[in-house]
Amino acid sequence: MHDLNKYIKECTGELDRLHIPYAKNIQFVINHRACLRLGQCRRQGGNYTIEISAALLDDRVDVKEGLKNTLHHELLHSCCGCMKHTGRWKAYADRVNAAYGYNIRRCASKDDQPLPRDLLPKAKYLLRCSKCGAEYPRQKMSAVVQHPERYRCGKCGGTLINATEKAE
Ligand SMILES: [Zn+2]
Ligand SMILES: [Zn+2]
């Protein structure tokens, strides 16, 4: 497991060298819920809480691309007037990217998640076409999950079956 505190120190040190004034009163929390969000910065009064997804601490995740990139993204939100991804936040992100070769962006799209595939949250329900085998993962209970036989495969028109056990 990556040592979160070690990389927080590295990141704040990198910001110090660029004289970027991140907040000093930040509480770091590891988020163990399975979700696609890698990090979040919240402000309450003058205090900040930065949530880092536990998935980023996995040894299989690249430290710079995954963990430190996310730490910088969230640390920059703690700078004055930087809760949005525009203006000053963007200018700071550009400076950190240029100085250290990061790729801090307004948000990581689903396709360029720095997480290995098997660390991504699994779908709760899985429907499968009985004819062509196409799979339709679903996060929520819905009509198609309850009655897959009433629906047709979008690719071949075959009957859907509930194959949820196999998704876990
Ligand atoms: Zn952000
Ligand atoms: Zn099909």
Side-chain angles (χ1 to χ4, degrees), residues 4 7-8 11-12 14-15 18 20-23 25-31 33 35-44 46-57 61-115 120-121 123 125-138 142-167:
L4 179 60
Y7 294 112
I8 291 170
C11 287
T12 52
E14 287 169 351
L15 295 182
L18 297 179
I20 293 178
Y22 57 91
N25 44 346
I26 302 175
Q27 196 196 353
F28 289 88
V29 178
I30 298 172
N31 174 7
R33 290 188 306 273
C35 63
L36 283 169
R37 191 170 57 214
L38 301 177
Q40 188 184 34
C41 181
R42 277 174 291 141
R43 179 180 55 198
Q44 241 184 348
N47 296 308
Y48 292 85
T49 303
I50 289 180
E51 255 183 42
I52 296 294
S53 167
L56 286 176
L57 303 180
V61 174
D62 185 271
V63 165
K64 187 170 181 177
E65 295 267 307
L67 181 55
K68 291 182 76 182
N69 204 67
T70 303
L71 278 170
H72 274 307
H73 179 121
E74 306 307 336
L75 279 165
L76 293 181
H77 278 314
S78 80
C79 299
C80 185
C82 284
M83 286 312 270
K84 295 217 172 83
H85 296 119
T86 50
R88 200 181 300 172
W89 183 92
K90 173 87 169 56
Y92 284 150
D94 289 345
R95 272 168 66 188
V96 176
N97 287 340
Y100 303 112
Y102 284 101
N103 188 22
I104 305 163
R105 281 179 291 164
R106 60 195 304 265
C107 68
S109 84
K110 237 168 128 193
D111 296 331
D112 55 40
Q113 290 283 329
L115 298 181
L120 293 172
Y125 305 100
L126 181 67
L127 304 168
R128 182 178 292 128
C129 171
S130 58
K131 210 165 145 194
C132 77
E135 293 189 339
Y136 300 91
R138 289 288 177 271
S142 62
V144 65
V145 174
Q146 281 178 297
H147 300 287
E149 72 281 359
R150 293 182 193 166
Y151 295 81
R152 290 283 174 266
C153 171
K155 285 175 190 139
C156 76
T159 317
L160 296 184
I161 52 165
N162 191 331
T164 297
E165 302 79 33
K166 290 162 194 160

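Counting starts at 1 for both ligands and their atoms, following the listed order. Throughout, numbering of the chain's residues begins at 1 and tracks the sequence.
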N, O or S from Cys41 under 2.8 Å to the Zn ion (ligand 1): no
Are Glu74 and Phe28 side-chain neighbours, meaning at least one heavy-atom pair lies under 4.5 Å? no
His85: which N/O/S atom is nearest the Zn ion (ligand 1)? NE2
State which residues pass side chain to side chain contact (heavy atoms under 4.5 Å, CB included) with His85; sequence neighbours excluded, sorted by chain then number. His73, His77, Trp89, Arg106
When you compare the side chain of Leu56 with that of Ile30, does any pair of heavy atoms fall below 4.5 Å? no
Is there a donor-acceptor pair closer than 3.5 Å between any side-chain N or O of Asn69 and the backbone N or O of Asn103? yes
SG (Cys156) to the Zn ion (ligand 2) to SG (Cys129) angle, given to the nearest 10 degrees: 100°
